[in-house]
Participant: 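Dropping a structure here in structure tokens format, bear with me for questions.
Just follow the structure's listing: the first ligand is 1, and inside any ligand the first atom is 1.
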Amino acid sequence: MTTKVEQAQVIRGLEGVYVSTTELSRVDGERGRLFYRGYAIEDLAEQGSFEETAYLLWHGHLPTATELERFSQQLAQSRRLPARLYCVLYDLPRETTPVTAMRTMVSALAAWEPNADATTPEAELYHARRLTATFTTMTAALHRIRQGEEPVLPRDDLSHAANFLYMFHGREPSAAAARAMDTFLVLYADHGFNASTFTARVTASTMSDMYSSVTAALGALKGPLHGGAMEAAMRQFLEIGAPDNVDAWFERALKEKRRIMGIGHRVYKTWDPRARILREQARILASESDEPQWFELAERLAERTLQHPYFQERRLYPNVDYYGGLVAYYLGFPPEYYTLLFAVSRIVGWTAHVMEQHADNRLIRPRALYTGAEELAYTPLQAR
Ligand code: CMC
């Protein structure tokens, strides 16, 4: 007998399915617009800051000057790690990929965090700040330890972006570098119900804690279909090698039906608005760098795709990771850290989504249409 449920239509990959409402971000793929709580990311990137963006996503409104100052201080004062966590960082095998290491570190952080399981609104605001602040400290320390160098302790007189660069590289960043890092962090903070955010919400919907949700989200982000594109885009530019190689490489890629990394998007059918902003930051950083050729190369390749009928017909445009990888490169990050840079910013969105889920929770528990064997006769072990 076929039940009602068994007749249900299966939507693979949940493509086009609305599973919840959210007030956090709106992605308008046709117009190429992205809004956080109604504010255009262009305005937040140009006139705001990462701290303002985090406040907006977590508290629901833009902060006043006093609120922002207090919030920035609280975030800065949340940067220090329990000493034992450095031992965990030193103990991890060197060959562990940075994302795997950080997935472990977030989980470990919960073990040293009092009240990690608390899910009241006040507790979750604290945990969101703590996770966001320490994520940069742990990422930077991981890198320094792997370089055979001492971790750099956080400073609380620097912005979130500047302090991260300071801890990672061991020197204060230039104003342009701090600005580019801040813009990068604003732009990656939230993006609807992408795979890692959905994972965070599924975990939160069991009324599990924020650390578990972020650990789970990192596991989802790690896959090459999600968080890996920024690294792949930059490695592609490095593989091409020089602007003059672009045309031949592009023709070969077309012939081999190879995907151009950093091009195309499931939702945006025009320019990804984040790509436009990061393109400008990459241009500025390239002009101050002694390796301006990577920006020139990327521009040439983007132009080839934009002019080609194959890409025009399919409405494939540069996405955030195309220029995000370049910005990360010019900021001195090794490509194997790019997925983590995504997380350094998206942790704000993940934690905001956990709070939104908990504010009006409903267990997320879909169903699968069973297509396996039915009612088989069990054969005892000795008779098989
Ligand atoms: N290069 C060449 N062809 C492409 C590309 C590309 N980058 N992207 C899509 N196509 C083609 C694809 O081959 C297909 O052609 P056809 O119709 O002849 O079979 C058509 O365009 C539609 O592709 P699709 O895979 O059905 O499109 P999708 O919406 O499922 O894929 C995508 C979106 C992002 C996975 C894809 O564009 C892609 O693989 N891009 C490269 C990887 C990348 O940059 N990923 C980062 C995404 S942005 C991250 C974020 O928002 O956080």
Participant: Does Arg171 make a cation-pi contact with Tyr166, if we ask for NZ or CZ under 6.0 Å from the ring centre and within 45° of the axis?
Facilitator: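 Not flagged: Arg171 not positioned over aromatic ring of Tyr166.
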
Participant: Are Phe164 and His169, when compared by the centres of their aromatic rings, separated by less than 6.0 Å?
Facilitator: no

Participant: For Leu131 versus Leu109, what's the shortest heavy-atom pair and its separation?
Facilitator: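 Smallest interatomic distance, heavy atoms only, reads CD2-CD2, 4.1 Å.
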
Participant: What are the atoms of ligand 1, with element, lying closer than 4.0 Å to any heavy atom of Gly264?
Facilitator: 34 (C), 37 (O)

Participant: Just distances here: any N/O of His226 and N/O of ligand 1 closer than 3.5 Å?
Facilitator: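 Among all N and O atoms of His226, none is under 3.5 Å from an N or O of ligand 1.
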
Participant: Below the 3.5 angstrom mark, is there an N/O of Gly262, backbone or side chain, next to an N/O of ligand 1?
Facilitator: yes

Participant: Is it true that the side chains of Glu299 and Tyr323 contain a donor and an acceptor less than 3.5 Å apart?
Facilitator: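 The criterion, which ignores hydrogens and geometry beyond distance, is satisfied for Tyr323 and Glu299.
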
Participant: Nearest to atom 45 (N) of ligand 1, what protein heavy atom do you find, and at what distance?
Facilitator: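 Looking at atom 45 (N) of ligand 1, the protein heavy atom closest to it is Ala229 CB, 3.4 Å.
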
Participant: How does Arg259 reach ligand 1, if at all, at less than 4.0 Å between non-hydrogen atoms: by side chain, backbone, both, or neither?
Facilitator: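 The part of Arg259 near ligand 1 is both the backbone and the side chain.
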
Participant: Could any protein non-hydrogen atom be found less than 4.0 Å from atom 26 (O) of ligand 1?
Facilitator: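 Given the 4.0 Å limit, the answer for atom 26 (O) of ligand 1 is no, no protein heavy atom qualifies.
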
Participant: Examine the proximity of ligand 1 to Tyr310 and report which part, side chain or backbone, both or neither, has a heavy atom under 4.0 Å away.
Facilitator: side chain

Participant: Is there a heavy atom of Asp321 sitting under 4.0 angstrom from any atom of ligand 1?
Facilitator: yes

Participant: Side chain, backbone, both or neither: which part of Leu316 has a heavy atom under 4.0 Å from ligand 1?
Facilitator: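 Under 4.0 Å from ligand 1, Leu316 contributes side-chain atoms alone.
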
Participant: Got a second to check how far Met167's CE is from Thr137's OG1, nearest 0.5 Å?
Facilitator: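 Those atoms lie 4.0 Å apart.
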
Participant: Can you tell me how far the OH atom of Tyr36 sits from the NE2 atom of His191, to the nearest 0.5 Å?
Facilitator: 7.5 Å

Participant: Can the positive tip of Arg144 be found less than 6.0 Å from the middle of the six-membered ring of Tyr337, inside 45° of the ring normal?
Facilitator: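 No - Arg144 does not lie over the ring of Tyr337 by the 6.0 Å and 45° rule.
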
Participant: Checking a contact table here: which protein heavy atom is nearest atom 17 (O) of ligand 1, and how many Å away?
Facilitator: Arg314 NE, 3.7 Å

Participant: Ignoring angles and geometry beyond distance, decide whether Ile263 reaches within less than 3.5 Å of ligand 1 through its nitrogen or oxygen atoms.
Facilitator: yes

Participant: Using the ring centroid of each side chain, check whether Tyr188 and Phe184 are separated by less than 6.0 Å.
Facilitator: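 Yes: the rings meet the under 6.0 Å criterion.
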
Participant: Answer yes if a protein heavy atom lies under 4.0 Å from atom 29 (O) of ligand 1, otherwise answer no.
Facilitator: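 Yes, there is a protein heavy atom closer to it than 4.0 Å.
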
Participant: I want to know if ligand 1 touches Arg266 in the polar sense, i.e. an N/O pair below 3.5 angstrom.
Facilitator: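 Yes: some nitrogen or oxygen of Arg266 is under 3.5 Å from one in ligand 1.
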
Participant: Heavy-atom distance from atom 49 (C) of ligand 1 to the protein below 4.0 Å?
Facilitator: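 Yes.
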
Participant: Please check: side-chain N/O of Glu46 versus main-chain N/O of Thr183, any donor-acceptor pairing under 3.5 Å?
Facilitator: no

Participant: Among protein heavy atoms, which sits nearest to atom 6 (C) of ligand 1, and what does the distance come to when rounded to 0.1 Å?
Facilitator: Ile260 N, 3.6 Å

Participant: Please examine the side chains of Tyr126 and Glu113, heavy atoms only from C-beta on, and report whether any two atoms are closer than 4.5 Å.
Facilitator: yes

Participant: Checking contacts here: is it the side chain or the backbone of Arg274 that comes within 4.0 Å of ligand 1, counting heavy atoms only? Could be both or neither.
Facilitator: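 Under 4.0 Å from ligand 1, Arg274 contributes side-chain atoms alone.
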
Participant: How about Tyr268 and Tyr317: are their ring centres within less than 6.0 Å of each other?
Facilitator: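 No.
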
Participant: Could you check atom 42 (C) of ligand 1 against the protein and tell me its nearest heavy-atom contact, residue, atom and distance included?
Facilitator: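 Checking every protein heavy atom, the shortest distance to atom 42 (C) of ligand 1 gives Met261 SD, 3.7 Å.
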
Participant: How far is atom 47 (C) of ligand 1 from its nearest protein heavy atom, and which residue and atom name does that atom have?
Facilitator: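 The closest heavy atom on the protein side is Asn319 ND2, 3.6 Å.
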
Participant: Atom CG of Asp244 and atom CH2 of Trp249: how far apart are they, to the nearest 0.5 Å?
Facilitator: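 Here the rounded value is 15.5 Å.
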
Participant: Applying a heavy-atom cut-off of 4.0 Å, say which part of His265 lies close to ligand 1: side chain, backbone, both or neither.
Facilitator: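 Both backbone and side chain of His265 come within 4.0 Å of ligand 1.
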
Participant: Quiz question for you: does at least one protein heavy atom lie closer than 4.0 Å to atom 37 (O) of ligand 1?
Facilitator: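 It does: a protein heavy atom is found less than 4.0 Å away from atom 37 (O) of ligand 1.
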
